[in-house]
**Student:** 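Before I ask anything, here is the structure I am working with.
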Amino acid sequence: MVALLRKTEDIFAQLFETSGGILVLFFTSIAEVRYVGRNLDKLLKQMLEVGFNTLPLASLIGLFTGMIVALESGLELKELGLEHIVASIVAFSMMREMGPVITAMISAGRVGAGMAAELGTMTVNEEVDALRSMGINPVRYLVMPRFWATILMQPLLTMYAVVIGIWGGSLVSSALLGIASEQFMHNVFRALEFSDITFGLSKTVVFGAMYSIISCYMGLTTQRGAEGVGRSTTRAVVVSLTMILVADYFIGRFFG
Amino acid sequence: MDVVIKHLYKSFGDNHVLRGVNLSVEQGKITVIVGGSGAGKSVLLKLIIGLLRPDKGEIYLNGTDITKLNEGQILPLRRKIGLVFQTGGLLNSLTVGENIALPLKEHRIGTRREIEKIVAEKLELLGLKGKENEMPSHLSGGMRKRVSIARVLALNPNMILYDEPTAGLDPPMAENIDTLIMDLNKRLGVTTIVVTHDLQSIFKIADTVCMLHKGVIIESGKPEEFKHSPTPVVKEFLHRLNT
Ligand SMILES: Nc1ncnc2c1ncn2[C@@H]1O[C@H](COP(=O)(O)OP(=O)(O)O)[C@@H](O)[C@H]1O
Ligand SMILES: [Mg+2]
């Protein structure tokens with residue numbers, strides 16, 4: 001019993017330490033933006049990684065998400081004779097919900113995991129300590145460019161996935177429900193409001209900030225030893241995915 | 001720069017590595033630290049520049065207790081202190097030349113042309129001419145160590161800590177490095193701490209030799225005194241290195 005209590009205590013202590021550390025890293029990375037000018041090369045490299053290199057995956061996942069939403073809602077609605085609203089359902093759910101969440105999740109799994117593994121390897125190899133030993137701030141050198149690259153690129157990537165997803169929805173609608181794609185697109189543009197776009201994109205900024213900081217934190221706190229980097233990478237992905245869903249719920253609950 | 005360490009303790013979990021280290025390093029002198037593998041020599045060097053935090057004790061650099069400073073306050077102090085890591089500590093994603101240029105670029109010291117010149121000069125000094133565009137992963141351990149020394153020298157430090165600088169080098173190159181360490185010390189007055197197992201270099205370069213054993217400095221003195229120390233552990237250590 002005492003052992004159990006002790007264990008619980010340890011878990012909570014760890015939890016506070018981790019979340020505290022993540023918050024500190026978050027605010028430091030924001031403050032370090034004043035040095036972005038001399039780190040432009042690193043920022044651009046990371047922007048390429050977050051944005052461009054994730055495009056193929058985002059295309060594929062965006063496409064199928066849009067198709068699935070159209071398929072699931074379309075068949076039901078057709079029986080009720082309401083298939084004309086499929087376009088607005090696809091547009092709404094892609095822009096406000098599926099696009100931001102799905103894109104953030106695949107980015108956390110690909111880009112975030114990459115950040116944790118890279119910084120983890122650097123930590124274990126004493127590269128991070130070497131930076132510190134030269135008076136170079138590792139947050140400025142390593143985390144800040146990754147954080148801001150994610151903040152800048154995640155909305156673009158999401159917007160791209162949303163467009164592909166809507167296109168996927170229109171493909172399914174024309175094939176299964178006989179809705180012409182011009183008609184579908186017309187309905188999409190009528191349904192979407194500017195506030196839907198800003199809502200969806202604001203979410204992506206929050207998600208991007210979360211997974212990049214969580215992943216960098218896990219990388220920088222990697223323990224020495226053979227399984228250290230693997231463990232950090234797994235933890236980065238699991239914690240990021242969980243936090244994205246939790247944040248998504250609360251954003252929907254309080255701002256939706 | 002001088003270093004005074006008082007009652008320094010450092011543990012990792014149940015592993016009590018340092019248990020009350022007292023050590024003074026004089027300005028402009030070469031202090032050699034010896035000790036068995038796993039004795040905590042590398043840990044001690046990292047503590048001195050604040051890469052690790054002690055559990056207890058004080059570390060004064062030029063009279064400032066760095067254990068009272070936070071990371072942001074220590075960072076600028078480190079620009080004038082170089083640490084040559086036991087493993088080199090090179091950034092694997094950068095070339096040899098970029099590694100040496102890194103501290104200069106990040107601290108915005110010199111124009112691009114000047115940085116190029118410093119890099120070429122340090123490469124030449126360490127016998128690494130023409131290796132500029134190699135990746136660290138393609139170099140031997142000894143060569144990585146030399147690149148690491150070159151990178152430390154780029155910032156013209158007042159104090160350099162070398163963690164086994166000659167391990168993995170062939171004897172002539174090891175001798176070159178020893179000569180370089182002494183030369184930097186004599187010519188520029190660089191305060192120097194060297195961790196080494198190399199008996200030759202201990203007695204060639206040291207002004208003071210200290211032995212770390214079971215978490216404390218058990219012996220400290222001039223090389224001659226150290227050589228004839230009556231302490232059994234020191235005797236045994238020297239005997240082991242001799243054979
Ligand atoms: N970052 C660390 N985390 C946990 N243990 C460490 C760490 N650094 C060193 N140690 C442990 O401290 C002891 C001393 O290590 P070290 O200073 O590297 O020895 P050496 O005298 O050979 O340089 C070893 O038992 C090592 O495992
Ligand atoms: Mg060591």
Side-chain angles (χ1 to χ4, degrees), chain A residues 10 13-14 17 20-21 24-25 27-29 31-32 34-46 48-49 114-115 117-146 217 219-225 228-229, chain B residues 12-13 15 42-43 45-53 70-94 98-109 136-137 144 147-157 159-163:
Chain A
D10 282 354
Q14 179 103 45
E17 194 186 313
V24 169
L25 193 58
F27 287 115
T28 329
S29 303
E32 287 290 328
R34 63 187 186 278
Y35 296 104
V36 78
R38 65 170 80 165
N39 289 287
L40 275 184
D41 52 334
K42 285 158 230 149
L43 183 75
L44 289 175
K45 184 163 166 261
Q46 292 303 324
L48 206 64
E49 180 64 26
M115 289 176 182
E118 195 182 359
L119 299 202
T121 308
M122 291 185 73
T123 303
V124 173
N125 288 343
E126 297 189 311
E127 291 176 60
V128 176
D129 275 349
L131 287 173
R132 295 169 63 210
S133 81
M134 291 181 273
I136 299 170
N137 181 346
V139 176
R140 184 178 311 163
Y141 188 84
L142 296 171
V143 183
M144 184 271 281
R146 285 171 172 75
Y217 177 84
L220 289 178
T221 52
T222 301
Q223 300 295 315
R224 299 209 291 188
V229 176
Chain B
F12 299 100
N15 184 4
S42 299
V43 167
L45 293 187
K46 287 181 190 167
L47 283 161
I48 291 175
I49 64 168
L51 291 181
L52 290 172
R53 291 316 191 113
N70 63 33
E71 173 78 6
Q73 293 166 314
I74 299 178
L75 270 175
L77 296 183
R78 294 201 194 108
R79 291 189 196 186
K80 282 292 160 196
I81 308 174
L83 171 61
V84 178
F85 283 74
Q86 188 170 359
T87 51
L90 301 178
L91 272 76
N92 286 317
S93 57
L94 303 181
E98 287 166 344
N99 261 287
I100 300 173
L102 179 69
L104 298 166
K105 261 171 71 183
E106 289 301 312
H107 297 315
R108 317 211 118 186
I109 297 169
S137 51
R144 290 170 60 93
V147 177
S148 184
I149 296 175
R151 188 176 65 183
V152 159
L153 294 182
L155 282 178
N156 289 326
M159 175 160 87
I160 306 181
L161 319 182
Y162 301 87
D163 199 346

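Residue numbering restarts at 1 for every chain, and letters A, B, ... go by the order of the sequence lines.
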**Student:** Could you tell me whether the side chain of A:Arg132 and the main chain of B:Leu51 form a donor-acceptor pair under 3.5 Å?
**Tutor:**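 Yes, because the side chain of A:Arg132 sits within donor-acceptor range (under 3.5 Å) of the backbone of B:Leu51.
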**Student:** Pick one of side chain, backbone, both or neither for B:Leu45, based on which atoms fall under 4.5 Å of a heavy atom in chain A.
**Tutor:**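 Neither part; nothing is under 4.5 Å.
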**Student:** With chain A, which of B:Lys46, B:Arg78, B:Arg79, B:Glu71 has the greatest number of heavy-atom pairs at distances under 4.5 Å?
**Tutor:**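 Highest number of pairs under 4.5 Å: B:Arg78.
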**Student:** Considering only heavy atoms, which portion of B:Pro103 lies under 4.5 Å from any heavy atom of chain A: side chain, backbone, both, or neither?
**Tutor:**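 For B:Pro103, the contact with chain A is made by backbone and side chain together.
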**Student:** Between B:Leu90 and chain A, which part of the residue has a heavy atom less than 4.5 Å away: side chain, backbone, both or neither?
**Tutor:**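 Contact with chain A: backbone only.
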**Student:** At a heavy-atom distance under 4.5 Å, which candidate from B:Val152, B:Thr87, B:Ile49 has the highest pair count against chain A?
**Tutor:**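 Option with the greatest count: B:Thr87.
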**Student:** Please say whether more than 12 non-hydrogen atoms of neighbouring residues, nucleotides or ligands are located less than 6.0 Å from CD in B:Gln73.
**Tutor:**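 Count over threshold, so yes.
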**Student:** Might you work through the side chain to side chain contact (heavy atoms under 4.5 Å, CB included) test for A:Met134 and B:Glu106, ending with a clear yes or no?
**Tutor:** CA-CA 9 Å; A:Met134 291 181 273; B:Glu106 289 301 312; over 6 Å; no
**Student:** Return the minimal non-hydrogen interatomic distance between A:Ala130 and B:Gly89, and the atom names on each side.
**Tutor:**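 Of all heavy-atom pairs spanning A:Ala130 and B:Gly89, the closest is CB-O, 3.0 Å.
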**Student:** Please report the C-alpha distance between B:Leu102 and A:Leu131 in whole Å, then the side-chain angles of each, then the deciding distance to 0.1 Å, and finally whether the side chain to side chain contact (heavy atoms under 4.5 Å, CB included) criterion is met.
**Tutor:** CA-CA 9 Å; B:Leu102 179 69; A:Leu131 287 173; 3.8 Å; yes
**Student:** Just wondering, are more than 12 heavy atoms of other shown residues or ligands nearer than 6.0 Å to NZ in B:Lys105?
**Tutor:**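 No, not enclosed.
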**Student:** B:Ile74 versus chain A, heavy atoms under 4.5 Å apart: side chain, backbone, both or neither?
**Tutor:**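 Neither; nothing under 4.5 Å.
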**Student:** Between B:Leu91 and chain A, with a heavy-atom cut-off of 4.5 Å, which part of the residue counts as in contact: side chain, backbone, both or neither?
**Tutor:**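 Looking at B:Leu91, backbone and side chain both touch chain A.
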**Student:** Go through the atoms of A:Tyr141 and report whether side chain, backbone, both or neither lie under 4.5 Å from a heavy atom of chain B.
**Tutor:**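 Interface part for A:Tyr141: side chain.
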**Student:** Where do A:Asn137 and B:Leu75 come nearest, in terms of heavy atoms and distance?
**Tutor:**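 Closest pair (atom of A:Asn137, atom of B:Leu75, distance): CB-CD1, 3.7 Å.
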